[in-house]
Every structure is written in structure tokens, then in C-alpha cells.
Amino acid sequence: MVISFLLHSGIRKPSGGVKIILDYANALAEKGHKVYIIQPCFLSKTTTTVINALRRYIYYKFTKKYQPKWYDTNENVQGKLVWSLAEKNIPDSDICIATYVETAFYLDKYIKTKKKFYFIQGFENWAVKTERVIDSYKLGLKKIVVSEWLRDIVNQYDKKIVLVPNGFDTKIFFNSNIPRKSESILFMYHEDEQKRCEDTIKAISIVKKCIPGISISVFSAFDNPKIKEFEYKFYHKASPKLLSELYNTSYVYVAASKEEGWGLTIGEAMLCGCAVACTDNHGFRIMAEDGVTALVSPVYDYEQLAENIIQLIKNKELHEHLVRNASEKMKHFSLENSREKFINIVTD
């Protein structure tokens with residue numbers, strides 16, 4: 001079969017949500033299906049202007065950066081650049097999967113495609129109004145959600161929902177049990193305000209004053225943010241293998257997000273034996289239980305986040321307790337089970 005994932009933009013920069021999509025695309029391709037990763041230049045007037053969309057189209061057309069270079073994909077997975085998600089621009093597909101609010105509205109209007117799905121990884125109201133997100137849940141598309149909290153929200157507007165929790169690739173992310181420096185911190189930098197990286201930076205600045213010798217590492221799909229508050233090592237567009245090494249050599253992973261659909265990075269850190277200090281949001285809550293698998297602080301409270309980081313560095317017994325419990329917790333999130341369930345749902 002031919003299966004098309006409808007994305008909201010390009011995939012030049014790595015992201016957790018796109019990574020999940022590409023993994024499912026790989027799994028489908030391995031079963032012999034032809035998979036397209038459709039990337040529009042113009043989505044809607046609320047997300048971009050026609051001029052910017054034209055610039056994007058020219059840029060991608062000449063650079064060919066609509067192919068997923070940062071993630072190894074099956075030969076049957078092909079990136080495809082289109083002007084918009086109008087059905088005439090989409091390859092004839094047996095199955096189409098919307099992956100974002102606006103893409104769902106396009107897919108709902110398709111006539112030729114018989115099987116239509118809406119893959120929901122978060123309450124995606126960062127670029128559109130909340131009412132628009134809710135309206136997308138009312139469309140006649142079969143919904144696939146990644147978490148129970150999203151299922152509870154979508155269930156208010158449509159009962160055609162299937163829960164497929166994200167899984168983790170334990171062949172890449174695992175505890176290699178190599179020595180790690182106790183005074184070491186790792187975090188992901190992101191430009192999205194939802195990630196609250198400013199709170200992470202404020203918290204680490206406090207920690208640095210308390211523990212001057214601490215080493216800090218930062219990875220990001222974005223360019224070096226040139227943080228002035230402290231010195232750090234920066235890793236740009238790190239491969240999954242390098243990310244695993246960073247988690248394995250760091251003592252504490254820090255994340256201060258306001259909201260997450262799924263706590264991808266904290267789960268990867270837990271698998272690699274890195275203790276987690278994070279904020280209390282729906283996505284993190286799936287894996288992070290305060291005092292059990294992580295130390296959790298309220299969103300925006302960077303002072304409490306700093307205190308939690310200091311505790312994890314200074315209290316070896318607490319650190320080992322959380323790492324041990326987190327390792328057990330992560331056994332529930334099998335990548336193989338998630339892939340199999342996703343494939344069965346969309347191809348049945």
C-alpha cells in the first residue's frame with residue numbers, strides 16, 4: 001500500500017515528534033509499504049505568509065533538504081515537497097495520516113483517500129487558537145493518540161480514538177554503565193517558549209553558584225544559543241548514538257517544559273541511567289513521578305528546579321534510587337509493541 005504522512009512543515013531540523021513519525025514510517029516500509037513524508041511550504045495564513053512559503057519552497061527545492069537526512073530511513077520512505085496539502089498535490093495514497101491540527105482539516109476534505117487517520121502527539125495550540133484544535137478533534141478522522149491525558153481530552157469530542165503509547169529504541173538508548181561525573185548536567189535547548197529553556201538556564205545558573213565545578217552540556221536542533229550565564233559544551237543536531245552517549249556520561253538531565261505531549265527526552269535519559277529533574281506537565285507525568293522516578297517541580301519555578309538538581313548531585317543514594325526506579329518504569333514502553341500496534345491500526 002501507499003501511505004502518506006501529512007506534516008505541517010519540513011523536517012530539516014530534528015524534533016521529537018517528527019522522529020516518532022519517521023520511526024513509524026520505517027516500520028511500515030519494512031512491511032513492504034511505500035511511505036511518503038509530505039512537507040508543505042504553505043499550510044495556512046495563521047502559520048506563514050505566501051512570501052515566506054515561496055522562499056521555503058525555493059530553498060527546499062534546490063537544497064533537497066526535505067529528505068530525512070538526520071534520521072536513517074528505509075529506502076521505501078521518501079520525503080516529498082509540496083506547495084500545499086491540497087489533495088491534488090498528494091501522491092495517490094491508500095492511507096493518509098494527518099499529524100498536526102491544520103493537516104487534519106486538509107485531510108478531512110480528501111475524496112480519493114479512503115482510510116484517514118489523525119495522529120495526535122500533543123495539544124497543539126501553540127500556532128492556532130484552542131478552539132481550532134478542538135474543532136480538529138471533531139473531524140471524521142480516526143484518531144491515534146500517544147497518551148492517556150490526550151485520549152481523555154479528545155474523547156470529549158469523538159469516541160473514535162486509539163491509544164498507542166510511544167516506545168523507545170532500547171538498542172540505542174540503554175545504560176552502558178560507564179563511569180559518569182557526578183557534577184554534570186545535560187539539557188536540550190529549544191526556541192519554542194513551551195520548552196521554557198529560560199527557566200532551565202536560570203535554574204542551572206543557581207546550581208553553578210552552589211557547585212562551581214559543575215560541567216554542563218547542551219544539545220539542540222537549533223544553532224548555538226550562546227548562553228552567557230555559564231560555560232557549556234554544545235552539540236548541534238546530535239545523532240541518536242551521540243545523544244545516548246551524552247545521556248550516559250551525564251549525571252542529571254534537566255527539562256523545564258510548560259507542556260509536553262510525551263516526555264521523549266526524559267524517557268531517553270532514564271533509559272541511559274541519567275537522573276531526571278523536570279517540571280510537572282502532562283507529558284512528563286507519564287514517566288516522571290516525584291521522588292520515585294524523578295524530582296519534579298512546578299512549571300516556572302526555576303528555584304525549586306535548581307534545588308532538585310542540587311539534591312540529585314549531592315545525594316548519591318537518592319540519585320541511585322530514582323535511576324533504579326526509572327529503569328523499571330521504562331520497561332513498560334516497548335518500541336516493538338508500539339510499532340506493531342500502530343501498523344495494525346492503520347493497515348487493518
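Numbers here are sequence positions counted from 1. For clarity, every value in this text was computed on a predicted model and none was experimentally measured.
Shown here are the salt bridge (Lys or Arg N to Asp or Glu O under 4.0 Å) partners of D158, two or more places apart in sequence or in another chain: K143. When the salt bridge (Lys or Arg N to Asp or Glu O under 4.0 Å) test is applied to E193, the partners found at least two apart in sequence or on another chain are R196. Remark: F222 engages H190 in a ring-ring contact (aromatic ring centres under 6.0 Å, His included) (not counting sequence neighbours). Listed by chain and number, the residues in a ring-ring contact (aromatic ring centres under 6.0 Å, His included) with Y36 amount to none (sequence neighbours excluded). Scanning for ring-ring contact (aromatic ring centres under 6.0 Å, His included) contacts around F219 gives an empty result, with sequence neighbours left out. Not a single ring-ring contact (aromatic ring centres under 6.0 Å, His included) links H33 to another residue, sequence neighbours left out. With sequence neighbours excluded, no residue forms a salt bridge (Lys or Arg N to Asp or Glu O under 4.0 Å) with K115. S327 meets the side-chain hydrogen bond (donor to acceptor under 3.5 Å, both in side chains) test with no other residue; sequence neighbours excluded.
For the salt bridge (Lys or Arg N to Asp or Glu O under 4.0 Å) condition, the pairs that include at least one residue of residues 339-348, sequence neighbours left out, are D23-R339. Identified under the side-chain hydrogen bond (donor to acceptor under 3.5 Å, both in side chains) test for residues 304-318, with sequence neighbours left out: Q304-N308. For residues 276-285, the salt bridge (Lys or Arg N to Asp or Glu O under 4.0 Å) pairs, not counting sequence neighbours, are D280-R285. For residues 94-111, the set of pairs meeting the side-chain hydrogen bond (donor to acceptor under 3.5 Å, both in side chains) definition, not counting sequence neighbours, comprises E102-R132.
For the residue pair S217 and Y235, no side-chain donor N or O sits within less than 3.5 Å of a side-chain acceptor on the partner.
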